[in-house]
Each structure stands twice: as C-alpha cells, then as structure tokens.
Amino acid sequence: MYYDELTAALEKAVTKLGLEIEHIEVMPPRDPSHGDASTNVALILAKKAGRNPRELAAELVDALELPENYIDSSDIAGPGFLNFRFGRAWYESVLRDVVSGGDAYGTSDGGRGKNIQIEFVSANPTGPLNIVSARAASVGDAIGTLLEATGVSVQREDYVNDAGQQVGKLALSVDARLKELRGEPFEIPEGGYHGEYLKDVAASLLAAKPDLGAMPDKERIAYLREAAIENIVAGQRADLEAFGVTHDRWFHETELAEAGAVEDVLEKLKASGETYEKEGATWLRTTPHGTNDDKVIVKSDGVPTYLLPDVAYHINKFDRGYDPVIDLWGPDHHAHIAETHAALEILGYLKERLEVQIIQQVNFIEGGEQVKMSKRTGNIVTLRDLIADVGVDVAKFFFLMRKQSAHLDFDLDLAREQTDENPVFYVQYAHARVSSLIRFAADKGASVPAADEVDLADVSGEDARSLVLLLADFPRLIAGAAEAREPHRLTTYLRELSAAFHSYYHGHQIVSDDAGTTSPRLFLSQAVKTVLGNGLRLLGISAPERM
RNA sequence: GCCCCCGUAGCUCAGUUGGAUAGAGCAUCGGUUUCCUAAACCGGUGGCCACAGGUUCGAAUCCUGUCGGGGGUACCA
C-alpha cells in the first residue's frame with residue numbers, strides 16, 4: 001500500500017517516455033542494503049522495446065515526479081533494477097497512518113462486494129473434535145478474518161453429517177452404554193463406536209430423561225438417533241467456543257433431505273444424460289471431468305452414496321449467493337475433490353466456485369519421538385485435551401505456523417515451554433513490552449503523542465528503518481495472505497516484527513528524561529503495538545498487556 | 001498403477017506467486033543487565049535449495065523426467 005505513490009509515479013514516467021506496461025511491481029528487495037523498494041520495470045520494458053535496460057532505467061528516474069523528501073536516493077543496480085531509498089516524508093506518513101489507523105490499520109477494501117463462505121471443521125457428529133479438526137478450526141477461522149480484513153463478507157459454516165448410516169450405529173452404541181450404566185450385559189455393535197466418551201453421552205442423556213430405560217426398544221433407539229447427535233454436536237460447539245471459534249451456522253444434512261434436495265440433484269444428473277445403470281447401481285460419468293473412474297451415485301440397494309447430498313449441499317450454498325465457497329477438508333477426503341467438481345460441472349456449475357483446501361494431518365512430537373495418538377495410552381487425541389495441555393493461544397499459533405497443505409509436526413515440548421523459545425510468547429512478549437513501556441512512561445508523566453503533533457525526525461532515519469518498513473508492509477501482507485488463503489504468512493511476519501522491535505528496544509532508550517526522543521520513540525512503539533495487536537487478533541490469539 | 005502433498009543449514013521450517021550475495025528459530029561456540037520487562041539482545045560456526053535436463057536477461061520458485069518420504073485411491077460418510 002505504501003508503494004502506491006511510487007508505483008503511480010513510475011507509471012506516469014513510463015507514459016512520459018512513450019512506453020507502455022501492464023503492471024508495475026514495486027517490492028521490498030530481499031537484501032535491505034539495496035534500498036527500501038525495488039522495481040524491475042526497466043528490465044521488462046527493455047525487453048519489449050529492445051533497449052538497454054540500464055539506460056532506460058536512467059531515463060525513468062529523470063522522468064519521476066515525487067513529493068519533497070519522499071525519496072532520498074534512487075539508483076540503478078545489476079542488470080537494470082531500480083532501487084529507492086525512502087525519505088523522511090515517507091517514513092513519517094507510514095507511522096502516522098499506523099497509529100491513527102489503530103485497529104483498522106492493515107485492512108483494505110479490495111474484497112468489498114464479495115460474499116464468501118468458508119466451511120470448516122464439519123466433523124462427524126459421532127464424537128469429540130480431534131486434532132485435525134482443531135487445526136481446521138484455527139486455519140478456517142483465520143482465513144475468515146483475513147478475508148474480512150480485505151472487505152469480504154464472510155460466512156462461517158459447519159456441516160453436520162447427521163443423515164448417514166453412522167447415525168444408526170451411533171444410536172446403538174449409546175444404547176449399549178446405557179445398558180452398561182444399568183449394570184446389564186452390553187455389547188458395542190459391529191462397526192459401532194467404542195470410544196469411552198459415549199459413556200458420558202449416555203449418562204447425560206439418562207440424566208435428562210430418566211425414563212429412557214423404560215421405553216420400548218424401537219422407540220428408544222429412534223430417540224437416541226436424534227438425542228445422541230444433538231448431545232455430541234453441542235459438545236463440539238462448546239469445544240470450539242472454548243477455542244474461540246464460532247460458526248455463523250450449523251447446517252444439518254437432514255435439512256437437505258427434508259427439502260428434497262437430494263432427489264432433485266439425482267433427477268438433474270439423470271436428465272443430463274451422464275448417468276447409467278451397471279450391476280444394479282446408478283453411475284455418474286465423471287471420468288471425462290477428471291476422475292480416475294466413474295462414480296456410483298445410487299447403490300444397488302437403492303441408497304444414494306455421499307456424493308449426492310454433498311453436491312446438493314454445495315448447490316444449496318451457491319443458491320445462497322456465496323462465490324466462491326471455500327471448504328476445508330481433512331486429508332482423507334482428498335480423493336473426493338475431483339468427483340465433487342465433476343458432478344458440479346455436469347450440472348453446469350463452474351468448478352472454480354468450490355475451492356477446496358486440504359488440511360493435512362498433525363503429528364505430535366514429544367522427546368523427539370512421534371506420539372501415537374491413542375486414548376489408551378492417555379495421549380492427546382481431542383481438541384479439548386490439547387487446550388488443557390498447551391492452552392488456546394499456543395495451540396492456535398502452532399497450527400498457524402505451517403502451510404495448512406503440509407503435514408505439521410507439532411512439538412509438544414516446545415509448546416509447553418513458557419520461555420523465550422516458544423514463538424508464541426516471543427510475539428506476545430513484544431506486545432506486552434510496549435504496553436509496559438507506555439505504563440512506565442505514564443508514571444514519568446509522558447504519553448504517546450498525537451499523530452498530528454509529534455515530531456518524528458528521531459525515528460525517520462537509519463535506526464528505525466527496518467521496523468518502519470515492516471509496519472508499512474503489513475497491509476500488503478494481509479491482502480496477500482487472504483488472497484492465497486495462507487494465514488501462516490502472518491505468524492511468520494509477526495515473529496519478524498517482534499524480533500525487529502526487541503532489537504530496536506535494546507539499541508535505544510525509549511523512555512528517558514529527554515522529551516525530544518521519548519515522544520517519537522513512544523509513538524513508534526505504539527505503532528508496533530498496534531500492528532502486533534491487529535495481527536494477533538486476526539489469528540484469534542490474545543495480545544496481553546502484561547506478562 | 002493412478003492422484004495429491006512434501007524434499008532448502010545437524011533439527012523444525014520461512015522464502016512475499018520468476019529477481020540481485022538463499023533466511024529465521026532451535027542446537028552449537030562466544031559475548032551483553034549500575035539502564036524503560038534478560039520471556040530480551042549482539043556475534044561466530046553451519047548450504048551442490050534431493051538429482052538430471054528444459055524454459056529466459058534471471059529459477060529454490062515454472063515445465064519434463066528420476067529418486068526418496070507421507071497421505072489418498074469403497075456400491076462408508
């Protein structure tokens with residue numbers, strides 16, 4: 001964002017020279033000794049115009065028109081890069097904008113008018129949320145806030161898969177636990193759920209309805225089908241709430257069935273002429289749309305496969321006006337992307353409208369060894385366990401440190417560490433440190449000056465350079481992370497900014513008896529605090545005032 | 001077999017959608033507190049970006065192939 005003015009000036013200069021370019025890219029150079037901003041326009045133009053890039057660069061510099069003190073120097077390097085060093089006016093305007101922007105600093109409106117839905121977690125309603133769901137919760141929520149920060153209207157949804165045959169198995173499994181509670185012989189049914197958590201579910205259902213045992217079998221099982229799901233989903237929702245993640249809507253698969261949406265999709269698929277009967281089942285010709293084989297949509301027993309309700313669900317989302325729809329799926333659902341896209345295409349929808357992000361699996365590492373996730377050994381298996389072990393902030397930050405599409409090694413020893421080695425505390429400490437500085441200054445009668453009054457000469461120079469450049473880059477980073485659906489860029493950034501601040505802090509006495517340096521340095525610190533706080537908030541992580 | 005992800009320092013990973021001399025944390029070696037929070041900072045050691053081709057002014061990044069690791073590949077959801 002802070003390259004906008006320079007970019008615009010470059011565009012004008014290009015026109016002045018009678019040349020044309022589609023897009024001018026101005027970036028911070030990788031090596032800071034090359035300056036504050038760099039562009040390769042001359043290289044690109046030279047190719048098209050058949051000219052020497054360095055000569056062209058020199059002409060561009062001559063044609064540039066910028067405000068006074070905006071640029072300190074510009075030079076031509078290497079094959080024809082143009083490097084600029086910003087001047088006082090630029091540094092000061094960044095700092096003033098950060099502080100006066102406050103909570104809104106970093107937001108933009110490039111996504112205004114877009115209506116995006118993100119569906120995440122959507123765990124089977126047969127048990128508590130596991131670790132992949134926990135990762136999905138962190139990532140999905142963060143992608144949502146990042147999109148919101150670019151002006152997008154975001155809806156967060158959780159899909160409750162309450163219509164498949166697993167529901168019956170769940171009811172029978174809970175019924176077995178009810179028998180166990182009464183001290184009767186019991187048996188978990190074939191293919192049922194053996195988790196101990198169902199004992200708790202059974203107990204709480206019994207407490208709510210003490211006459212359960214007296215109900216006729218058929219009636220009781222029918223009751224359990226709904227009550228068990230409801231109980232477990234309520235537990236999932238409570239766990240997510242404890243994790244600071246809230247969905248706008250919990251969409252039940254049964255809603256689709258009730259609306260006749262599944263039959264409707266089946267009709268339309270048949271009408272498309274892309275279905276056929278084979279071995280008593282109904283198949284969909286998905287192979288021309290990129291799958292390995294055609295897919296069964298109605299089994300030989302007459303029951304639809306998951307694909308029909310899934311497609312019906314996505315059409316439902318499209319009908320609600322979301323474009324695109326982003327889904328976060330677990331690694332085990334990876335193979336279904338192609339077939340869902342295929343079915344949507346057959347029905348005339350652009351497959352780009354459904355964007356699927358795969359949230360890869362998580363391995364816990366303890367003592368250098370991979371931890372087997374099993375309840376029997378007492379290790380962490382659920383989101384609830386994880387929160388109890390390392391806390392919400394640490395869990396979220398760790399999940400957001402890696403690209404979600406890659407496997408994550410979650411270092412439990414490090415996560416439990418309450419020291420400088422833990423990156424979460426490192427970032428939070430930087431934030432708390434600024435708060436502490438401001439408190440200390442207040443004791444001495446100093447406060448953060450107003451943006452339009454402060455003289456920033458002291459922090460517009462060499463010493464504060466890397467810090468201000470990072471602050472200036474924040475809006476661009478947010479927009480890029482939202483666009484790429486990559487919240488991990490933000491954790492990386494926050495660690496860098498924290499390091500830059502800690503370093504500046506050690507090199508400079510912020511609060512002193514000299515009001516001439518205290519005032520601008522407090523202002524700079526406030527700017528850092530603003531960005532750290534905004535960044536942490538976007539990730540759903542707390543920004544403490546003291547530690 | 002086919003599909004996806006991954007391969008960057010001893011370890012865990014970044015690398016801003018193709019830029020200049022490839023970065024951080026940890027580990028390791030050595031320094032910094034009469035001073036605003038040492039949960040911090042400064043410096044050293046450490047690299048054939050898996051390998052081989054290709055695309056171009058320019059490749060860790062894009063394409064092809066090979067090797068290695070992980071996951072997926074139901075008339076379950």
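Reminder, nothing fancy here: chain letters follow the sequence lines and each chain counts from 1.
For His314(A) (side chain) and Asp310(A) (main-chain N/O), a donor-acceptor pair under 3.5 Å exists by modelled atom type. In this structure, the side chain of Asp294(A) engages the main chain of Thr287(A) through a donor-acceptor pair within 3.5 Å.
For the pair Asn161(A) CG and C76(B) C1', the interatomic distance rounds to 10 Å; values are reported in whole Å. Between His506(A) atom NE2 and C41(B) atom C1' there is a gap of 4 Å when expressed in whole angstrom units. Atoms CD1 (Ile337(A)) and P (U73(B)) sit 13 Å apart, rounded to a whole Å. Atom-to-atom, NE2 of His334(A) to P of C6(B) comes out at 11 Å; the value is rounded to the nearest Å. Rounded to whole Å, atom P of C75(B) lies 12 Å from atom CG of Asp301(A). Here the C1' atom of nucleotide A74(B) and the CD1 atom of Ile297(A) are 16 Å apart, to the nearest Å. One can place CG of Leu437(A) at 15 Å from P of A39(B), the figure rounded to the nearest angstrom. Atoms CE (Met27(A)) and P (A20(B)) sit 9 Å apart, rounded to a whole Å.
Applying the 90° criterion around 0 to the glycosidic angle, U33(B) comes out syn. Glycosidic torsion of U17(B) falls within 90° of 0, placing the base in syn.
Glu25(A) comes within 4.0 angstrom of the backbone, heavy atoms only, and of no base. Residue Asn292(A) is classed as a base contact, given a heavy-atom separation below 4.0 Å to a base. Nucleic acid contact class of His431(A) (heavy atoms, under 4.0 Å, all strands): none. Among the protein residues, Gln509(A) comes within range of the nucleic acid bases, having at least one heavy atom under 4.0 Å from a base atom. Among the atoms of the strands shown, only primed sugar atoms or phosphate atoms (P, OP1, OP2) are found under 4.0 Å from some heavy atom of Asn124(A). Among the heavy atoms of the strands lying under 4.0 Å from Ser38(A) is at least one base atom, whether or not backbone atoms are also near. In this structure, Phe440(A) reaches the sugar-phosphate backbone alone: every heavy-atom distance under 4.0 Å involves primed, P, OP1 or OP2 atoms, never a base. Counting any heavy atom pair closer than 4.0 Å across all strands shown, Ala46(A) reaches no nucleic acid atom. When heavy atoms are screened at a 4.0 angstrom cut-off, Asn83(A) is found touching base atoms of the nucleic acid. Among the heavy atoms of the strands lying under 4.0 Å from Ala335(A) are primed sugar atoms or P, OP1, OP2 only; no base atom is included.
Comparing the C1' positions of C42(B) and C48(B) gives a spacing of 31 Å, expressed to the nearest Å. A gap of 14 Å separates the C1' atoms of A59(B) and U8(B), to the nearest Å. A gap of 8 Å separates the C1' atoms of U61(B) and U17(B), to the nearest Å. Spacing of P atoms, C36(B) relative to G44(B), comes out at 28 Å, to the nearest Å. For A50(B) and U32(B), the P atoms lie 40 Å apart once the distance is rounded to whole Å. C41(B) and G25(B) have their C1' atoms separated by 15 Å, with the value rounded to a whole Å. Spacing of C1' atoms, C57(B) relative to G18(B), comes out at 12 Å, to the nearest Å. The P atoms of G43(B) and C5(B) are separated by 39 Å, rounded to the nearest whole Å.
With hydrogens and angles left out, the side chain of Arg546(A) and the base of U37(B) share no donor-acceptor pair within 3.5 Å. Residue side chain Thr305(A) does not reach the base of A74(B) through any donor-acceptor N/O pair under 3.5 Å, judged by distance alone.
Rounded to the nearest 0.5 Å, atoms CD (Glu345(A)) and CG (Leu354(A)) are 11.0 Å apart.
A salt bridge is defined here as a Lys NZ or Arg NE, NH1 or NH2 lying under 4.0 Å from an Asp or Glu carboxylate O, and Lys444(A) with Asp513(A) meets this definition. A salt bridge links Glu545(A) with Lys529(A); the closest basic N to acidic carboxylate O contact falls under 4.0 Å.
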(Q) Checking Ser133(A) against Asn130(A) for the side-chain hydrogen bond (donor to acceptor under 3.5 Å, both in side chains) test, could you report, in this order, the C-alpha distance in whole Å, the side-chain angles of both residues, the deciding distance, and whether it holds? (A) CA-CA 5 Å; Ser133(A) 290; Asn130(A) 63 19; 3.3 Å; yes
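Of the residues near RNA chain B, Lys295(A) and His333(A), the one whose nearest nucleotide (by heavy atom distance) lies more toward the 5' end is Lys295(A). Along RNA chain B, the nucleotide nearest to Met547(A) and the one nearest to Tyr504(A) differ in position, and the one closer to the 5' end is contacted by Tyr504(A).
Across all strands shown, A39(B) has no partner, as no Watson-Crick or G-U wobble contact with both distances under 3.5 Å is found.
Under 4.0 angstrom from either OP1 or OP2 of C36(B) there lies no side-chain N or O belonging to Arg439(A). Here Tyr505(A) does not reach the OP1 or OP2 of U32(B): none of its side-chain N or O atoms lies under 4.0 Å away. Between His488(A) and G15(B), a side-chain N or O to OP1/OP2 separation shorter than 4.0 Å is present. For the pair Lys403(A) and C5(B), the criterion of a side-chain N or O lying under 4.0 Å from OP1 or OP2 is not met.
Listed by chain and residue number, Glu462(A) satisfy the salt bridge (charged side-chain N to carboxylate O under 4.0 Å, His left out) test with Arg85(A) (two or more places apart in sequence, or in another chain).
Applying the side-chain hydrogen bond (donor to acceptor under 3.5 Å, both in side chains) test to pairs two or more places apart or on separate chains, those with a residue in residues 483-493 of chain A are Glu355(A)-Arg485(A), Glu486(A)-Arg489(A).
Judged by distance alone, the side chains of Asp393(A) and Ser542(A) do bring a donor and an acceptor atom under 3.5 Å apart.
For residues 492-503 of chain A, proximity to RNA chain B is found at Thr492(A), His502(A), Ser503(A), defined as any non-hydrogen atom under 4.0 angstrom from a strand atom.
For an aromatic pair to be called close, the ring centres must be under 6.0 Å apart, and Phe81(A) with His34(A) fails this.
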